[in-house]
Amino acid sequence: WGSLDLRSYKFDTAAAVSLSLRCKNLQRLKFPAAGSADAIVSLQARELREISGDFCRDITDAALSVIAARHEMLESIHLGPDPCERISSDAIKALAYCCPRLRRLWMSGVKEANGDAINALAKHCRQLMELGFVESDNIDEVALGNLSSLKFLSVAGTRNLKWGSVALVWSRLPQLVGLDVSRTDVNLSAITRFLSLSRNLKVLIALNCPVFEGEVDRNTMHNNKGRILLTLFSDIVKGVASLFADNLESVTDVFQHWKEIRNGDKNLDEVVVWIEWAISHSLLRIAENNLKEFDDFWLTQGAAVLLSLLQSSQEEVQERAATAVATFVVIDDEDATVHCQRAEAILCGDGIRMLLNLARSFQEVLQSEAAKAIANLSIDSKVAKAVAESGGIDILANLAKSTNRLVAEEAAGGLWNLSVGDDHKGAIAEAGGVKALVDLIFKWPPSSTDVLLERATGALANLGADEKCSMEVALAGGIHALVMLARTCKFEGVQEQAARALANLAAHGDSNSNNAAIGQEAGALEALVQLTYSQNEGEAAGALWNLSFDDKNREAISAVGGVEA
């Protein structure tokens with residue numbers, strides 16, 4: 001193998017040993033960082049050039065130093081977006097000593113990077129072109145000025161920087177082309193110095209910088225000596241397009257346009273790729289904060305920029321853009337409330353087609369993030385209609401069969417949202433969605449907080465309210481599956497949806513035999529009676545009410561303590 005993505009899997013030493021025969025020539029590895037240091041070494045992939053790790057809270061200086069010592073060919077290291085809370089200068093020095101070919105280093109939330117560590121990078125990594133110390137607290141900003149090979153520098157979200165000295169020192173970096181100071185307390189004076197003093201600077205990104213935005217006269221920041229300043233109040237699409245497009249008015253989908261007209265200019269390609277990376281990261285963070293003050297930004301240009309990023313040539317950028325779409329449309333997680341205008345901005349920008357294309361990808365992380373975005377958008381009835389008309393139900397039903405738990409979970413969530421109301425229930429059944437949902441219950445054993453089973457059971461509960469679909473649920477083995485969950489699963493959300501599903505299935509006593517079939521299922525009535533003593537008493541009582549229309553069920557309910565309950 002040349003490339004391997006293990007982020008959705010448990011990756012330990014035993015797994016690594018079994019994979020190692022295929023990894024002799026492995027060059028790119030994406031991995032879940034927690035507990036993976038020994039496993040990476042056990043892959044015996046001495047030719048590794050790029051590593052990218054998620055969930056990095058537990059990775060230590062020692063672990064990263066071991067990885068560096070065994071993989072001296074490394075050229076690119078990306079650790080984040082979770083903070084690398086246990087990584088400090090010691091590991092950064094080890095990287096500098098062991099990986100002299102390093103061209104790209106991007107780390108989120110490092111504990112500290114002192115002058116010695118940064119100077120070691122300057123001394124030993126002479127080809128270091130791109131550096132990101134984002135969302136960190138203790139970075140020696142003056143030492144960064146010694147990295148004379150740097151073309152791109154990101155300190156987005158990093159705190160405690162002394163902007164007076166920073167602007168003077170970084171402006172002297174001879175190769176610096178792109179600088180990202182988004183989500184920092186950078187001020188107008190520093191921005192002005194960067195734009196006027198930096199010799200080769202082409203792009204300065206300053207998204208969501210409250211101090212700067214409070215000081216600047218927005219009407220005077222347009223002419224920057226040919227340099228591009230990207231802010232929340234500037235036109236980001238036109239700013240990026242001005243790098244390569246002659247007619248700015250004709251460019252609406254800037255990153256897709258760049259993909260189509262790439263002209264062989266390697267330097268310009270590097271700039272656009274870096275801009276995509278930096279902007280996608282900051283927009284995801286802004287979406288996660290979910291502040292009302294960004295409403296205008298999302299509707300005027302933010303949604304359009306996300307749609308453009310969905311078509312990036314970089315999978316990681318596409319993933320972040322899909323996650324940001326899934327995040328920024330939801331106003332309230334508890335009530336599953338979406339911002340209708342934002343959802344419709346995605347709809348009007350052809351975003352449903354783009355997301356469904358990503359959901360068809362063979363990359364599982366991309367599948368799960370795209371399915372999550374489709375699921376959240378489908379809470380809006382107009383979007384749900386568009387998803388159904390564009391073949392989205394077939395795609396989600398197929399993804400629900402995935403052997404990857406995260407993919408199946410997001411697909412089940414999509415089917416749950418689409419099954420609200422009567423419009424799409426029949427289409428879900430025709431697409432094989434009922435069987436896929438029932439199979440999920442048998443495939444994945446319950447865990448302590450099982451979101452996947454809650455979503456699958458919630459979708460079956462919605463479908464069970466339709467008489468035809470209720471028969472499909474029964475034929476697919478759904479009664480046995482739901483009773484099993486009601487009896488054995490301890491997660492309240494699953495219990496609630498299982499009781500609701502059984503109540504809905506039992507509500508068609510005049511037209512099918514589900515009512516009697518539930519009563520005859522071993523342990524069903526006992527489980528429902530027990531649930532009347534839980535938080536889910538209403539759903540359980542509703543199920544028993546419907547079941548009690550059958551003579552035999554009435555006697556059986558009484559026999560298991562139903563009258564007392």
Side-chain angles (χ1 to χ4, degrees), residues 156 180-183 186 188 191 203-224 228-243 245 247-258 272 275-312 317-318 320-332 337-355 373 376-377 379-380 382-383 386:
D180 181 14
V181 295
S182 299
R183 298 175 292 114
V186 67
L188 175 60
I191 293 285
V203 183
L204 177 55
I205 305 177
L207 302 176
N208 189 20
C209 298
V211 176
F212 164 64
E213 289 162 8
E215 294 174 343
V216 69
D217 178 352
R218 301 183 180 193
N219 297 316
T220 64
M221 290 303 292
H222 296 300
N223 185 8
N224 303 309
I228 298 163
L229 175 64
L230 301 179
T231 67
L232 294 181
F233 57 80
S234 67
D235 190 324
I236 294 172
V237 168
K238 283 187 180 175
V240 177
S242 67
L243 286 167
N247 180 6
L248 297 183
E249 298 302 322
S250 66
V251 178
T252 53
D253 189 342
V254 62
F255 298 114
Q256 175 65 16
H257 183 72
W258 170 247
V272 177
I275 291 172
E276 287 183 341
W277 184 276
I279 289 179
S280 64
H281 186 77
S282 277
L283 290 187
L284 176 54
R285 285 293 191 244
I286 293 169
E288 287 169 343
N289 289 334
N290 199 17
L291 298 175
K292 188 164 177 51
E293 65 203 63
F294 292 107
D295 272 358
D296 285 344
F297 165 73
W298 288 122
L299 295 176
T300 54
Q301 63 168 333
V305 174
L306 287 178
L307 289 172
S308 193
L309 291 168
L310 284 175
Q311 300 182 87
S312 165
V317 170
Q318 291 178 315
R320 275 201 290 272
T323 308
V325 169
T327 306
F328 97 120
V329 294
V330 177
I331 304 170
D332 188 334
T337 308
V338 296
H339 193 296
C340 293
Q341 287 176 296
R342 295 181 190 177
E344 287 170 26
I346 298 297
L347 175 62
C348 295
D350 201 21
I352 302 308
R353 178 189 62 81
M354 297 176 198
L355 288 165
N376 289 356
L377 287 161
I379 296 170
D380 180 275
K382 290 181 184 175
V383 178

List the atom of [X], the atom of [Y], and the distance in Å for their closest heavy-atom pair.
X: Ala287; Y: Thr327; result: O-CG2, 3.5 Å
X: Ala206; Y: Val181; result: CB-CG2, 4.0 Å
X: Ala326; Y: Asn376; result: O-ND2, 2.8 Å
X: Val330; Y: Asn290; result: O-ND2, 3.4 Å
X: Arg353; Y: Gln311; result: NH2-OE1, 4.2 Å

Can you confirm whether [X] sits close enough to [Y] that some side-chain heavy atom of one is under 4.5 Å from a side-chain heavy atom of the other?
X: Ile279; Y: Leu230; result: yes
X: Leu307; Y: Met354; result: yes
X: Ile228; Y: Ser242; result: yes
X: Leu306; Y: Leu310; result: no
X: Val211; Y: Leu188; result: no
X: Val305; Y: Leu283; result: yes
X: Leu377; Y: Val325; result: yes
X: Arg342; Y: Leu299; result: yes

>> Considering only residues two or more places apart or on different chains, which pairs with a residue in residues 286-310 satisfy ring pair (Phe, Tyr, Trp, His ring centres under 6.0 Å)?
In response: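 Output for this query lists Trp298-Phe328.
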>> side chain to side chain contact (heavy atoms under 4.5 Å, CB included), that's the test. Do Arg183 and Ser282 meet it? Break it down for me.
In response: CA-CA 8 Å; Arg183 298 175 292 114; Ser282 277; 3.2 Å; yes
> What's the verdict on side-chain hydrogen bond (donor to acceptor under 3.5 Å, both in side chains) for Glu276 and Ser312, showing C-alpha distance, side-chain angles and the deciding distance?
Replying inline: CA-CA 8 Å; Glu276 287 183 341; Ser312 165; 2.8 Å; yes
Donor-acceptor pair, side chain of [X] and main chain of [Y], under 3.5 angstrom:
X: Asp332; Y: Thr337; answer: no
X: Ser234; Y: Thr231; answer: yes
X: Asp180; Y: Ser182; answer: yes
X: Gln301; Y: Leu232; answer: yes

How many angstroms lie between [atom1] in [X] and [atom2] in [Y], if you round to the nearest 0.5 Å?
X: Gln341; Y: Asp380; atom1: CD; atom2: CG; value: 11.0 Å
X: Glu344; Y: Leu347; atom1: CD; atom2: CG; value: 7.0 Å
X: Ile191; Y: Leu229; atom1: CD1; atom2: CG; value: 6.0 Å

>> Leu243 vs Ile275, test: side chain to side chain contact (heavy atoms under 4.5 Å, CB included). Steps then yes/no.
In response: CA-CA 11 Å; Leu243 286 167; Ile275 291 172; 3.7 Å; yes
>> Evaluate Leu309 against Arg320 for side chain to side chain contact (heavy atoms under 4.5 Å, CB included), listing each step before the verdict.
In response: CA-CA 9 Å; Leu309 291 168; Arg320 275 201 290 272; over 6 Å; no
> Leu207 and Ile236: side chain to side chain contact (heavy atoms under 4.5 Å, CB included), yes or no, with the steps?
Replying inline: CA-CA 10 Å; Leu207 302 176; Ile236 294 172; 4.0 Å; yes
> Does atom CD of Glu288 have more than 12 heavy-atom neighbours from other groups under 6.0 Å away?
Replying inline: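 For Glu288, atom CD is crowded (more than 12 foreign heavy atoms under 6.0 Å).
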